[in-house]
Amino acid sequence: MVLGLTASRQLLSLQHCFVLCRNIKSGIGARGASLDSVVSAFRSVCGEDGVSLGDAIRQQHGKDESMHRCRQPDVVVFPHCVEEVSALAKVCHNHCLPIIPFGTGTGLEGGVSAVKGGVCFSLRNMDQVLDLHPEDFDVMVEPGVTRKALNAYLRDTGLWFPVDPGADASLCGMAATSASGTNAVRYGTMRENVINLEVVLADGTIIHTAGKGRRPRKTSAGYNLTNLFVGSEGTLGIITKTTLRLYGIPEAMVSAVCSFPSVQAAVDSTVQILQAGVPIARIEFLDDVMIDACNRFSSLSYPVSPTLFLEFHGSERSLEEQVNTAEDITQSNGGSDFQWAQDSETRSRLWKARHDAWYAALALRPGCKAYSTDVCVPLSRLPQIIVETKKDLTENRLTGPIAGHVGDGNFHCLMVLDHNDPGEVERVHLFTERLARRALAMGGTCTGEHGVGLGKRALLCEEMGPMTIQVMQSLKDALDPNNLMNPGKILHPREA
């Protein structure tokens with residue numbers, strides 16, 4: 001998740017985590033002759049305005065919101081429908097041109113970098129909400145539809161789509177990266193909320209992962225191809241439609257903030273709330289450094305201590321029981337009195353610290369840039385990893401306030417650093433590797449929601465092991481034998 005915030009696009013030179021990609025020279029680069037021969041074919045598919053060789057457009061589509069220094073594509077195409085995507089993919093396949101899907105560019109791991117040049121498929125013109133079935137709680141959308149646009153479309157239906165990674169990301173892009181966010185503890189991640197996908201493969205073939213037009217709430221029919229493509233980051237195909245689960249808008253919502261004497265007390269409260277069967281919608285954690293930064297930035301006065309931000313969804317009657325149970329549990333763990341809010345304006349004010357966390361962190365060191373880490377561990381190991389991480393930050397003189405989705409063990413260090421200081425850049429690089437390996441040692445993962453992209457390929461190998469990586473590579477080879485689909489992401493390139 002981008003924490004509701006826009007990460008800096010400043011170029012850094014961190015090894016592995018901040019991967020360097022060679023900048024393309026002016027014009028259309030080394031593939032000039034090949035591209036010249038296919039540009040007319042591209043234009044015949046999606047029109048004169050549907051193809052761009054302009055440097056500014058290529059630069060825009062060669063970077064996301066990450067810290068990775070990325071390479072721009074040689075050409076950008078703007079298809080309007082799946083048939084155009086398929087036709088363009090066939091041209092690329094015939095000329096062995098890499099294909100890089102692009103949604104809104106809000107990714108955090110360099111997933112849109114054209115590491116081998118090639119063709120960026122910008123999907124912004126495919127922006128229709130299709131086949132809404134309110135009575136079945138599902139909807140189909142094209143890749144240009146963002147989560148905010150979908151919820152605006154659903155406003156009068158009594159339904160909403162709750163997966164919220166922070167940024168106004170495209171829904172097909174969210175599927176491609178298996179995004180989640182603050183509501184995941186109750187509503188799940190994209191993996192639990194995608195019913196079917198329409199995908200264009202590297203050779204232009206169009207498939208439907210659960211069968212064309214299928215939208216059952218559950219299935220045991222065949223391989224789970226839908227979840228194969230959820231989280232594939234464009235390396236197996238281009239997602240051109242996704243069918244999503246929808247939910248009823250809660251009758252009422254209540255938010256609360258509670259401070260604790262220790263990280264352990266805050267996490268113990270979280271575990272006990274979940275064990276008590278309270279269907280909490282959001283339960284977010286900010287450490288003392290983050291709370292102090294938020295107080296300064298937003299002129300707030302929360303106690304400078306580990307803090308939980310909670311939100312409850314349901315009927316008026318059920319909320320009273322949820323709130324009472326949660327309050328009793330937090331108080332038994334030394335939590336302070338809850339600060340409650342039910343009306344929308346007060347709830348927004350109560351959550352202001354959490355929403356402004358990124359900007360508050362940046363304000364700790366004016367003129368510096370930031371990078372958001374992303375690991376996830378079993379809930380019982382969360383206190384240990386946070387305590388060890390805070391010690392690591394202090395010992396290495398690094399600024400990294402912590403915020404996370406404590407309900408599912410996922411947290412972020414918002415690393416604020418001077419990118420012009422090579423020593424600090426190196427310390428941040430080493431810290432992020434230690435953090436990820438610390439999570440792996442505790443049975444966790446190197447990424448809970450940002451994805452692998454360029455920066456975590458080596459860590460993925462450590463996490464999965466060689467045989468599992470080999471199976472992944474075999475799947476990649478079967479679906480994309482020429483390695484045209486977003487090459488260089490997730491899996492390390494095969495040695496020549």
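Computed over heavy atoms, backbone and side chain alike; hydrogens, waters and symmetry mates excluded. Residue numbers count from 1 along this sequence.
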Quiz prompt | Greater than 12 external heavy atoms within 6.0 Å of Glu320's CD | solution =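 No, CD of Glu320 has 12 or fewer neighbouring heavy atoms, counting only those of other groups under 6.0 Å.
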Quiz item: Counting only heavy atoms not in Arg217, do more than 12 sit closer than 6.0 Å to its CZ atom?
Solution: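 Buried by this count: over 12 neighbours within 6.0 Å.
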Quiz item: With Trp160, which of Tyr187, Phe137, Tyr153 fulfils ring-ring contact (aromatic ring centres under 6.0 Å, His included)?
Solution: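 Of Tyr187, Phe137, Tyr153, ring-ring contact (aromatic ring centres under 6.0 Å, His included) with Trp160 is met by Tyr187 alone.
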Report, one line per pair, each donor and acceptor closer than 3.5 Å where one atom sits in a side chain of residues 235-243; sequence neighbours left out.
from, atom 1, to, atom 2, distance (Å)
Thr235, OG1, Ser232, O, 2.6
Thr240, OG1, Glu198, O, 3.3
Thr240, OG1, Glu198, OE1, 2.7
Lys241, NZ, Glu198, OE1, 3.0
Lys241, NZ, Glu198, OE2, 3.4

Looking only at non-hydrogen atoms, find the nearest pair between [X] and [Y] and report the distance.
X      : Y      : result
Ala169 : Thr106 : CB-OG1, 3.5 Å
Lys369 : Leu362 : C-CD2, 3.9 Å
Glu449 : Gly181 : OE1-N, 3.4 Å
Leu171 : Thr146 : CD1-O, 3.8 Å

Quiz item: What distance do Ile329 atom CD1 and Leu274 atom CG have between them, rounded to the nearest 0.5 Å?
Solution: 9.0 Å
Side-chain donor/acceptor of [X] to backbone N/O of [Y], under 3.5 Å:
X      : Y      : result
His419 : Leu417 : no
Asn295 : Tyr302 : yes
Asp343 : Thr346 : yes
Glu109 : His450 : no
Lys489 : Glu233 : no
Arg215 : Asp136 : no

Self-check item: Side-chain heavy atoms of Asp55 within contact of Gln72, under 4.5 Å
Solution: yes
Quiz item: Is the closest basic N to carboxylate O distance between Arg245 and Glu192 below 4.0 Å?
Solution: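 No.
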Quiz item: Would you call Asp164 and Arg147 a salt bridge, using N to O less than 4.0 angstrom?
Solution: yes
Practice problem: Could you walk me through whether Leu123 and Glu142 pass the side-chain contact (heavy atoms from CB on, under 4.5 Å) test, one step at a time? | Solution: CA-CA 9 Å; Leu123 304 169; Glu142 291 185 322; over 6 Å; no
Among side-chain atoms of [X] and [Y], is any donor-acceptor pair under 3.5 angstrom?
X      : Y      : value
Ser255 : Glu311 : yes
Ser180 : Thr189 : no
Asn193 : Tyr247 : yes

Quiz item: Could you give all pairs that pass the salt bridge (charged side-chain N to carboxylate O under 4.0 Å, His left out) test and reach residues 285-294, with sequence neighbours left out?
Solution: Asp287-Lys390, Asp288-Lys390, Asp292-Arg296
Exercise. Could you pull out all residues at least two apart from Gln275 that satisfy side chain to side chain contact (heavy atoms under 4.5 Å, CB included)?
Key: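 Listed in chain order: Val271, Gln272.
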